[in-house]
Structures are given as C-alpha cells and as structure tokens.
2 protein chains.
Amino acid sequence: MKNLTLKHLRYFEALARHGHFGRAADACAISQPALSMQIKELEETLGTALFERTARQVRLTGFGEEFAERVQDILRSVDELGDLARASCDRLVGRLRIGVIPTIAPYLLPTFIGNLSRLYDGLDIRVRETVTPKLIHELTEGRLDTAIVALPVSEPSFEEVALFAEDFVLVRPDSDANKPVPSAETLREMRLLLLEEGHCFRDQALSFCKVHAAPPRELLDGSSLSTLVQMVGAGIGVTLIPEMAVPVETRSAAVSIARFSAPQPRRTIGMIWRKSSPLADQLMQISDVVRQSADTLRAARKEPMINSPV
Amino acid sequence: MKNLTLKHLRYFEALARHGHFGRAADACAISQPALSMQIKELEETLGTALFERTARQVRLTGFGEEFAERVQDILRSVDELGDLARASCDRLVGRLRIGVIPTIAPYLLPTFIGNLSRLYDGLDIRVRETVTPKLIHELTEGRLDTAIVALPVSEPSFEEVALFAEDFVLVRPDSDANKPVPSAETLREMRLLLLEEGHCFRDQALSFCKVHAAPPRELLDGSSLSTLVQMVGAGIGVTLIPEMAVPVETRSAAVSIARFSAPQPRRTIGMIWRKSSPLADQLMQISDVVRQSADTLRAARKEPMINSPV
DNA sequence: ATTCTTCATCAGAAATTCTTATCCAACCGA
DNA sequence: TCGGTTGGATAAGAATTTCTGATGAAGAAT
C-alpha cells in the first residue's frame, strides 16, 4: 500500500479538529474532494477506520482518538524542527568546538569565552587544548569547528585569518634584572628553558636563537610555560614567553621581564577552519570576538590593576 | 518555500546514517540525483545547511546533528503509528522485524518461522541476526520490533519475557568420549575454544569456568559455533555449545557430547521489545509461538529421526 | 416529495518527484 | 603531471501524485 505522509497527518488532524470535511478542507486550503481522498487513502494505508461518518457529523473512532493524540505530538515535533532551523539561521546556536594551543589557551580563553557566550547566548562552547598538529588533524576530521594557532598553517583546505601579533619577552631571575638584555646569539650561551617537543612555541623560540639543527648549549624541557617560569624563578635558567602570558605567569615568581631590542621575536596568532565549513560566516564573526578579547587583555596589561580586584 | 515532508526526513535520516549520497539513495531505493535534490530542497526549506560536503565525505553540521536526533524520534513515532494501526486490527499483519542472537538463530529460526507464518498468514517476517548490543540498539531506534536474546537485558524501557532455559554441553574429540567429564575448574586447564568477543555466549561460557579477569590457559576465538565444533573434531581443543545446537552442529564432526554434573551451566533465553511498542500484545502471543517451537525442537532431540527426512 | 447538506467519486489538469544522461571537481595511482 | 575513478550536482523529460471542478448518492429538514 501507500506510504504515510505528513500531508495525511495534517489533513487528518484538521478533520479530527473540525469534524467536518468541508471546513477542514478550507482550513487546509484545499478542496473538499482532495481531503476526502487523502483521508480515505490514509485509512486504507492503516487498514483501519479512523472516522465514523454519520450523516450529521464526522467523529473519531476509538482507534482514531488514540491515533490523533500521537499525530498531534508528531506534528508538533515537526513544526519545532522548522522553528529550530529558523532560530539557528543567522544566530550561531548549538555547539562550537574550538581548539587552542597551550601557549595561548590559559591567557586568552577566560576573556574570550566570556565575551563569546555573552554574545551568543546558549551556545555550547567546547574547548580542546593541544598542540597544533593534533588540532589540524581533528579539524580535518570534523571533530573541531575551528582552532586558534600560530600562523602560518599552510593547509590548502583551511581558511586562515590573522588575529594579532605577539612579541616574545625574556624571563630572567630577579637578580639579573639590571643586566643588559642579551642578543639572540648570547642567548644561545645561556641555559634556555623550553617547552617539550611538539609545541610550536618551542620551535618559534629556537628559531629566534637561530638554532635549527643544534640546540643551545644546555636545554631543559618543561611541559608548560608556568613550569618554565617557576624554574627561572628558582635560578635554573632563562626562558622566553609570549607577551600575553606575562601577567599570569610572572605574578608569583621572582623573575624579571625584559624586551629584546631591534628584531623583536614575535609570532602571529590566527584562527583556522575548513574552507568547506558551513560555519564559515559565523567563524569570521567570531574571529573579531577573539581580536577584541586580545585587545582587552593588552589594554589591561598597559594599565594594570587600577582597580585592584577583590 | 516548500513544506517539510516525511520523505525529506526519511531521506535525511538515510544520508545522515550512511554519510554517502549513493549508498543512502540505494537504501531509499531511489536514484542518487533524486536524493541530492530532496536534500537540497530540505536545506533550502530550513534555510540552513545540514550537511558539510567535502570531497571525501558527507558529514552532519552541528545543527544537522541536533536535527538528526529529533528526526529520529519523529520517524520512530510515525512508524509506530503504522504499528499501532496494524495492532488494532487484533490479528498481526504486515511486517515483523525480529532480531536473534547468532547462537540461537540457526537452530530455532527454521522451526519458529515455519510456525509463525503458518499462524499469521501473509506476515512479512524479517530476521536480523547479530550480537545482543546491536540488537538492543536497533530495537531502541525502532529498526526492530523485537529480539530473542539471553536474559537478563535490564533495559528499563524494554519488556522482557523468558522463553526457555538452555543447558550448555561439553564438546570433546571422539577419542575423549570415555574420559570423565571435567569440572569447571579442570576445564580451565584445557584448551577452550570460544566465540570471538562480543558474543554473549562467550561470556556465559567463561563465567561458568569462573574466569572473569584471567582467561583460561589457552584460548582460541572462532566466529561461529560451527567453526568451534569443527575445530574440536580436528583435535584442537574442547568447547561448550548450547544444547539446542547439538543436533545441527555435531552431525558432521568426530566429536562427543558430555553433560556437566551438578551445577549445570545454563542460560535463559527470552524475548524483548520496547514497552511503548504498540505491538506489545501481539508480541506476547508470538512469544508463545517461540516457546512452542523450542519445545518441538527439544522433543525432536529426545526421539531423533523416527521418521527420517527425505 | 422536494430541497439541502454533506461526503464520495470521477476525469482531466497541475504539480511533484523520479530517472536517465551528463557534467564537474577532487582525488589517486602511475 | 596526467588519465582514471569516485562522488555529488544539474538538466530534461517521463512517471506519478495530488488537486480541482463537476457530479452522484444518501440522509435530514421542509
């Protein structure tokens, strides 16, 4: 026999409500014969009568009543599908899976997540913090919607937009505070503490010291910037950290910060996503939110703690 | 724009499941362009992309996933409408999709299907043979009407009725026929052939040997009882099989059967279905048919081949 | 008996949904 | 880098579905 269609159900519902073929047909904006036929077809499909046609009125059968209840639920669910789609149309809704590299995440995310969820209420934001190659992999496989990493990434299937540039600063023990800032070359002679392999920031720092193949004289791997700074505080060596990490990481360590001169080491942070992503437009908007968040952080650093927090 | 139809939703569901236009179209028994068009139309109607089409794969968007969940509910409800109608004309007609675990199916089904289709003439019986977790999943999703599995299943949303208990017997090489029957403990010292992981019967057999954590000394996985018995015949080890499998599986192998003493290993076979299934009443009747079929088999085993088949 | 109301039926028109054929882009192995 | 292959999109016409307007039939009201 024929298939059940939503049309059948909609017509059925109208007829059940009006108890009158003509008026129900009007309500459905079709002719009365059309309705008759569809109802008949529905009953044949089901193999059971839904209505009892007396001369005076059209009444639901016992089975029809049970059927009607379920149909109402279904139609409501279907209509909600439409609402859902309409709601999600221009405003970003649902789930946003965002990846961030570890040398950015702790500093940028608090501000950024705040801004983002203020802007897109009800958005389910999920953060993944790991190194760039893993982020790229998960992005490719569709397990992430976007990622914040150091550019360039150079994946032809990815869109990439720059967010901001970020200088690297030198972290030394407090005792060295008044010594001259070493050059990239002299840095090579010092005990340089770096993140373990896999972190792009490690490579960026090494590249500044112009050591590609051979690492500096002595080198010690830490698994987070926080660890590195604490070790510097303990007098074990020096390290580089991105500017953005300064407020958080140097708060509780006996270290001093110095900027390099002339060829400032720096990197560009950007956002990437699959060119084919249907969220492309929204992601472009979101990149603005990231930029703003970064600006806010930068400003806060320039005039720190005018209003000290509780 | 156009209206949402069930056809749209059905096609959408198929595409979501297969992640491939061609295969989904096959599953819907239409051509690939027809599917493409309907999906496109659906997306236009909703005003949002549901799928992300990359060269390699077709993937649900975030919104698509949310949509898919709701659609599944709706489709299940709609299918249940049909079931409801069928059930209402108290005799079962139409389609019955029944799942059976592999360690039961080959022995029980021939008899059962015969009995069932004799009783319900014109019933379209569809059998699915796979392991319990998959059956449960498909039952939940409304892709099966009922399943025959080992109890308990303990899904609160399922009805479960016991059908019969089934002893496990030991299968040994013919040469061992006169040796004493090993206990569960000594069994552990022998080379025990078992079904591969995922089969509930494997776990039931292991549980009898009281090995939960550590498996027996040597263990070899086979993918069907038939394989296991053949391997026993070849002298590779011993195995357990359910009583019901004995006539079929030991017909063509040089093996002997032994029953265990005292604490006979056994399991309970039962039937399960969704509590909300409108077929509930009919399924209860059908469970009687299964029981009868099992009894018939058991009787046939006691007095084998009085009338030998042609 | 006649007329009205209401639903069913029919035939042809309109709209839709499908199929086949073809295209095009991305990928893959050589 | 080049053909071959895969997988989805597009187009045109065929098949099917769904609708309308005309008409029929049956019970109720006058």
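Excluded from the calculations below are hydrogen atoms, water molecules and symmetry mates; all remaining heavy atoms, backbone and side chain alike, are included. Residue numbers start from 1 in every chain, and the chains themselves are labelled A, B, ... in the order their sequence lines are given, proteins ahead of strands.
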Measuring to OP1 and OP2 of [N], would you say a side-chain N or O of [X] lies under 4.0 angstrom away?
X: B/Q57; N: D/dG7; answer: no
X: A/S31; N: D/dC19; answer: no
X: B/R53; N: D/dG7; answer: no
X: B/S36; N: D/dA9; answer: yes

- Message: By the 4.0 Å heavy-atom rule, please label A/Q32 as base, sugar-phosphate, or nothing.
- Response: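 Here A/Q32 touches the bases of the nucleic acid.
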
- Message: Tell me whether B/R76 is salt-bridged to B/D73, with the criterion being a basic N under 4.0 Å from an acidic carboxylate O.
- Response: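 Looking at B/D73 together with B/R76, the answer is yes, because their closest N to O distance falls below 4.0 Å.
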
- Under a 4.0 Å N-O cut-off, is there an ion pair linking B/R274 with B/E80?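 Looking at B/R274 and B/E80, the cut-off is met.
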
- Message: Any residue in residues 5-26 of chain B with a heavy atom nearer than 4.0 angstrom to DNA chain D? Just list them by number, or reply none.
- Response: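 Residues of residues 5-26 of chain B that come under 4.0 Å of DNA chain D are, in numerical order, B/H20, B/F21, B/G22.
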
- Task: State, yes or no, whether a side-chain contact exists between B/I286 and B/L96 at a heavy-atom distance under 4.5 Å.
- Result: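 Side chain of B/I286 against side chain of B/L96, heavy atoms only: contact under 4.5 Å found.
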
- Do the rings of A/F67 and A/F12 sit parallel, tilted or perpendicular, given the 30° and 60° boundaries?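 Plane angle over 60°, so perpendicular.
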
Contacts under 3.5 angstrom, residues 32-40 of chain B side chains, donor-acceptor by atom type, not counting sequence neighbours:
from	atom 1	to	atom 2	distance (Å)
B/Q32	NE2	B/S36	OG	3.1
B/Q38	OE1	B/H8	NE2	3.1

- Residues A/Y120 and A/Q285: side-chain donor-acceptor under 3.5 angstrom: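 Yes - a donor-acceptor pair under 3.5 Å links their side chains.
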
